[in-house]
Structures are given as C-alpha cells and as structure tokens.
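Everything below concerns the one structure shown next.
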Amino acid sequence: MNQQPGSQRAPKQQLNPAQRDAVRYVDGPLLVLAGAGSGKTSVITRKIQYLVRECEMPARQVTAVTFTNKAAREMRARARALLGDDAKGLQVSTFHQLGLKILQRELPLAGRKSGFSILDDQDSTAILKDLLLRDGDIASTLLDICRNQISHWKSHAVSPASLQGKADSVQEARIAEVYARYERALASYNAVDFDDLIAIPVRILAEHEEVLKRWQSRIRYLLVDEYQDTNVCQYMLVQQLVGERSGLCVVGDDDQSIYAWRGANPENLKQLAKDFKGLKVIKLEQNYRSTNRILQSANALIANNDHLFEKKLWSEKGQGDAIVVQQLPDEEAETEYIGDEILHRKIGSNLQFRDFAVLVRGNHQTRLLELKLQAKQIPYQVTGGTSFFARNEIKDVMAYLRVLANPDDDAAFLRIVNVPRRKIGVSTLEALGDYSKSRECSLYGAIGEMGLAQTLSEQAHKRLSSLDGWFQNLRRVVDNGEPMRALQEMLDDIDYRGWLVQNSSSTAVGERRYENVNFLLESIRNELQKQNQAAQGNTNSFEIDAESPLEAVLNKLMLRDMLEQQAEEEADNKVQVMTLHASKGLEFPHVFIIGFEEQLLPHRNSIEGDTIDEERRLAYVGITRAQQHLTLTMARTRKQFGDQQRCAPSRFLEELPVEALQRKGFGDKMDAASNEATGRATLDNLRALLE
DNA sequence: AATCCTGGAGTTTTT
DNA sequence: CTCCAGGATT
C-alpha cells in the first residue's frame, strides 16, 4: 500500500485528554470542535474502534460520513488499520454515496427505475438550457441564475410544489416553473442530479415512517466529519437517521468552512445545540501539525473573521522556519521558482517529492505549473479537479456507457447520437425531440414508437432504428454477464480510435487521447473484478445490491470516486498539485501557495460578491496544511485574456504578522527590513506566544 | 440537411 | 485552452 501524504503521520499512540474525552463520550450527542491539525481523523477512527471494541457495537451498525472521496478513503483505511477484521461491515462513505445507497434501496419511492443515471453539473445545465430554449429564451445569465437557484432550493429541501404562488418576483416565479419542468424531465429520463442524491432520500425518509425506522435501526451510531460543510438538506438527513437517539458525533471547524457557495451552512454547528438537548461540546485546540510561525500566521489571519466558536490553536513544535513571501515578475517566473525551489530543497535535505504540495486557487492555474514541472522532470500528481472527466474522449465514452445502462438518459443520448457521425443532425433530433415531448417519453424511447416514422424522413428514421438495434445487441452482451466485451465491441464497432485520430490535430495527439480511453476501460475492468471478488466473499444478504455490476461501476465513476482512487494508488512519490479546496484535511511538510494576489485570492468574484470572509478561510486552510515550511508566491504581472495585467499582492498578506515572514523579490525596503525583523523577532515571538 | 471552418469570448471553488 | 455560434461548403 502506498502511503498518502495525508496519512504519513503514524496514528498517535497517546491521545491528549480532550481527544480521549471525545473518543470515550458515547452517552449522548457530541460535537467536537476540532481546529486545523488537531488530530480529528484520529479521534474519529479511534472512536469507531472504541465503539466496536469497548461498547461491543457491531461495526455494521456504525456509519461514518465525510464530504470528499479522499477523506472517506483515508478514514476507511485508518479504521481498518485499527480494527482489522472487526471493521467488517463498517460503513464509511461520503454524503452522496450514503444518499445513493438509500436511493437505490428505495427506488420505487424515489420514482426511478433500476439503471438510473446520475447527471453531473454539465448534464443538468444542458437540460436546463434546453428547457429555456424551448421557451425562446437564450440569455445565458438567466441560465446561470436558474441553475444556482434550483440547486439552492434543492439543497434546502424545497420542492417545486411548495413554491406555488410564493414567488417574490416575476423572475422567481418563472424559475420556479422551470424548476418544476426540470424535475419532471429528470424523472422521465430516469435520472437524478447531485443534489437529488441527498434531497430524494430526505423526502423519502420524511414521508415514509416505516422506511425511516428501517434506516434508523440500521445505523446505531453516526459520525459526521467536516460538519461545517453540511447544507440544510444534509443536516436534515443526519437528524432523520439519528432520530431521538443519542448515537451521534459530529466533528467540525467553522474556520474551515469553505463551501458556503454551494449551500454549506456552518450555522449548522450552532443549530446542533438547539436540536439535540444535552449536546456535549469538546474543543480540540492542540495542533500537532505545524510549527508556531505557521500557526501564528494562520491565527492572525483568521482573527479578522467573525467566529461561531472561539478557540486558540497552539503547538509544541517550536518556532520553525520563517514563511517565505516571494514576489516574481510574472506567472512564468513564479512557476519556474516553484520548480527550482523544490529541486533545491530536495537536494539540500532528506526530502521526497511527496513532501511537497503546490496549492492553487483555480484549476486553470495548474496548467502552466504542470508544463514547468514536466520541463524540469519533477514527478507530480494533480488531484481532484475535473481534468480527466473534462476530456471530450472520456465524456463520449461515459455517455455511451450511460446510454447502454439507461437508454432514457437524454443528456447522454444527445452527446453520442452523432459521434462519430451518423448523419443524424439537428433537424432530425428536433423532430425526435418534439415527438418525445408529445408522447412524454425519452428521446431514445421515441425511436421505438410507431408514430415516429410519419414525422421523419425515411432515411432519418432508418438511421435511428439501426442505432437502436445496435444498442440492443450490445445490451444483450452486457446482460449475458460480459460487460467488458460489450464495451470493447462498442468502441470497435464505431472505430472510436480511428475517429479520435482523425479529429485530433495530429495522429500522436489522437493516440494519446485513445490512451485515456484505454485507461478508463482498464479502470472499469479492475473495478468489475473487485466487485466480483467482493460479491463472492459476501454472505451478508443485507449488503447485496440490486444494481448490475456495470451500473455500480458507472455510479462510482459519476461520483468521481473510482479513478481518483486508482490515481492515488499510483501516485507513489510525487509533488502534489491541487486546489486549496481539495487540500482540506491533508498535510505536507512543504507547502507552496501560488497566486497569493488580489483578484485571485481573494478571487475577483468574491471581492465583488462581498464574500471575503470565505476567501480568508480558504487562505487559512491553505496555510494550515503546512507542517514545516510555507511559501507564498505572487506575480507582479500576469497574462489574462491575452494581455499582461498588473497584479497586487493579496490583502491577506498584510494580515499576517510581519515578524513571521521573510519577504523576497519586492524590491522595496520591506525586503531587508522584514528579513532583519525575522532574525531578531524570535525571542519576541516566544514571549508573545507564552502569554 | 449535415458537416466543416473560423473567429470570438470567457475562465472559482466540488459531489 | 476550449466552448460556442454562425456562415460557408459538401
């Protein structure tokens, strides 16, 4: 097993008193306020161990929920390391995986059929766009407003029906109407979106007492990580599952709330005390991760925000190195500097590539960095992001898989119907679309209908029918238990490789893109095998899933879990590159945060939208990832939209304590001054910290 | 009616 | 870079 940077630290043998209290308190609902680096994952995993070993609770009655796939994997691995065979049946998943599980078991109540599709953001946007287009409205701003508003309603468990006649404005009434149609569309496509994975289970549990009882009896103890990231709907799910009982432990830190933009409601931390009588609150304030200069800077920065709870982080790790603040002429020089620094430090000390992380605000910032790291032959790994799934070749193959598993998935059908070219163009699809709307069925479903032949030209109808026949054959192969053969046959039939080569700028590029497809196929093959083994070793009928193996794989793919895991297993010893958001929960000896500038961090949209506090928390999360060494870099100019623009250092820089910093490359007096200050400030800092 | 080509515009964060 | 629209071409 490869060690991940986040798990390099061996599980602590000794817990401090607060941690021990948190592990052992099981008599009622518990809130653990865990500052950055205070060992919260240890507390959660040790608590699971305590529940199973000391309280003799069967592992299958314990469920732990987190937000990201990465966090779930880490927690699962650490719980298994502690419990060994006793971990059997333990459920560790993301909120969305848990929701998916509930949805799958209660399919009829969800109004979906087996094989339903999970739509990603792009798919739902495309559907909304189509709905708006049919209204004759194409303003793209309305599309954005619509999507955000609908997502907001869904994450607050607001149904279209409950909005009837309650709109505050004409536009809101309009969006509510689109929302209703959107929901109907999803149902008819046998699809759900990401928000539905939480919203539908909540609705089912609210409306069906017996189902609620069943799930409550299945989960006797629920642990929730990163609680500040829950939205209203997710909190409702937690409340439903826990019910009147006391088996709940949530862990959170309001200073690390960085998902408000997608509906996270850190107030849920406060709400907990109102909803759960006798809630016990334990604070973890000792930081085991960072040196004091880093911690002091993080504390100073976050002091500029309001807090739900006050806490003071401290550490026994000593002063440590000064935080390097490096300004460079442009973004090119910035990445050059990062690459050189990594190489220098690696040679200068006993460091591995995996000891370094480069954190960025936006995914696009990784591009230049990747080029530079490649040029310097530094092995790196970009985690998270959408890069792989954003590739057209991957989207195509995924869409084929989805149509195979769920013919009614219009979003996927539209993507592949004419890729490669089948001479099925817009006018044919328009006619098919009109017909399907009138018969209230999916596009694919309309192909088989009798009346369609009259509305289409004979040629067009023939092309659609032959596509249908082809899919039916493939589906037979899948049902025969040979999904991999079906996939290979599918891609061979359409000569997807040839099509890629032809449609790429060069043969070499085309071949590279087909390599991506092969990687996807290989991953699917592995996962199918894994499932096969699991199914054979599984005698617990409670856990057997109704869905087919291919559907299970597809779901895992849509939740972005599977490939991440594979990449992680291969990321042996590489520099970690990721967004600040993706870095939460991880730690690295050496951390670089690049683009520490106004407009970028805080991001220009946040400056306009007046959500600086959340940006500050984002910077806080980034800073607190560093164990020993932190470097903030910024460019004086940066190419944006074609021309060079001047960039100012982030306002957050001024909020950091000067004596902890070592400024370089600013070309002003502060450079030398701060260096001097750093040298003589050590004693002062020690004195200040002791107070 | 389908496909190919060109130019223009816009980049936050994620399950 | 990558998505889109719209116009020219087959």
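Residue numbers start from 1 in every chain, and the chains themselves are labelled A, B, ... in the order their sequence lines are given, proteins ahead of strands. Reckoned from all heavy atoms, side chains included, excluding hydrogens, waters and symmetry mates.
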Using atom [atom1] of [X] as one end and atom [atom2] of [N] as the other, report the distance to the nearest whole Å.
X	N	atom1	atom2	result
L600(A)	dT12(B)	CG	P	11 Å
I607(A)	dT13(B)	CD1	C1'	15 Å
L368(A)	dC1(C)	CG	C1'	13 Å
I118(A)	dT14(B)	CD1	C1'	15 Å
Y259(A)	dT12(B)	OH	P	16 Å
Q122(A)	dT15(B)	CD	P	15 Å
L414(A)	dC4(C)	CG	C1'	17 Å
R391(A)	dC3(C)	CZ	C1'	16 Å

Inset, instruction - Output yes when K639(A) and E331(A) qualify as a salt bridge under the 4.0 Å nitrogen-oxygen rule, no when they do not. - result: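 A salt bridge is absent here (no side-chain N lies under 4.0 Å from a carboxylate O).
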
Inset, instruction - Assign F95(A) to base, sugar-phosphate, or nothing according to its heavy-atom contacts below 4.0 angstrom with the strands shown. - result: nothing

Listed nucleotide nearest any side-chain atom of [X], set [options]:
X	options	value
H603(A)	dT13(B), dT15(B), dT12(B)	dT12(B)
H96(A)	dA2(B), dT13(B), dT15(B)	dT15(B)
R262(A)	dC4(C), dT12(B), dT15(B)	dT15(B)
T579(A)	dC4(C), dT13(B), dT12(B)	dT13(B)
K395(A)	dT15(B), dC3(C), dT14(B)	dC3(C)
T94(A)	dT12(B), dC4(C), dT15(B)	dT15(B)
S606(A)	dT12(B), dT14(B), dC1(C)	dT12(B)

Legend entry - R604(A) (side chain) and dT12(B) (base): donor-acceptor pair under 3.5 Å: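 Checked by distance alone, the answer is no.
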
Legend entry - Distance-only donor-acceptor test, R560(A) side-chain atoms vs dT15(B) base atoms, 3.5 Å: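 By the distance-only test, no, there is no pair.
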
Dump the pairs, protein N or O against N or O of nucleotides 3-7 of chain B, anything under 3.5 Å, distances to one decimal.
| from | atom 1 | to | atom 2 | distance (Å) |
| --- | --- | --- | --- | --- |
| dT3(B) | OP1 | K423(A) | N | 3.2 |
| dT3(B) | OP2 | N418(A) | ND2 | 2.6 |
| dC4(B) | OP2 | R421(A) | NE | 3.4 |

Inset, instruction - Pick out which of D255(A), D225(A), D229(A), D253(A) makes a salt bridge (charged side-chain N to carboxylate O under 4.0 Å, His left out) with K584(A). - result: D229(A)

Would you tell me if any nitrogen or oxygen in the side chain of [X] comes within less than 4.0 Å of OP1 or OP2 on [N]?
X	N	value
S457(A)	dA1(B)	no
N363(A)	dT13(B)	yes
N392(A)	dC3(C)	yes
S427(A)	dA2(B)	yes

Inset, instruction - Could you check whether W261(A) and the base of dT12(B) form a stacked pair, meaning centres closer than 5.5 Å and planes differing by less than 30°? - result: no

May I ask you to establish whether [X] and [Y] are in a cation-pi arrangement, using a distance under 6.0 Å from NZ or CZ to the six-membered ring centre and at most 45° from the ring axis?
X	Y	value
R262(A)	Y259(A)	yes
R616(A)	F652(A)	no
R422(A)	W470(A)	yes

Legend entry - Set of side chain to side chain donor-acceptor pair (under 3.5 Å) partners for R76(A), sequence neighbours left out: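 Listed in chain order: nothing, the list is empty.
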
Inset, instruction - I would like to know whether K70(A) and E74(A) meet salt bridge (charged side-chain N to carboxylate O under 4.0 Å, His left out); could you show each step before the answer? - result: CA-CA 6 Å; K70(A) 209 184 179 87; E74(A) 160 122 9; over 6 Å; no

Inset, instruction - Scan for side chain to side chain donor-acceptor pair (under 3.5 Å) pairs involving residues 192-205 of chain A, sequence neighbours excluded, and state none if there are none. - result: S151(A)-D195(A), K154(A)-D193(A), K154(A)-D196(A), Y182(A)-D193(A)

Legend entry - NZ (K437(A)) with more than 12 external heavy atoms under 6.0 Å: yes

Legend entry - Which residue lies more 5' along DNA chain B, comparing E614(A) with A460(A) via nearest heavy atoms: A460(A)

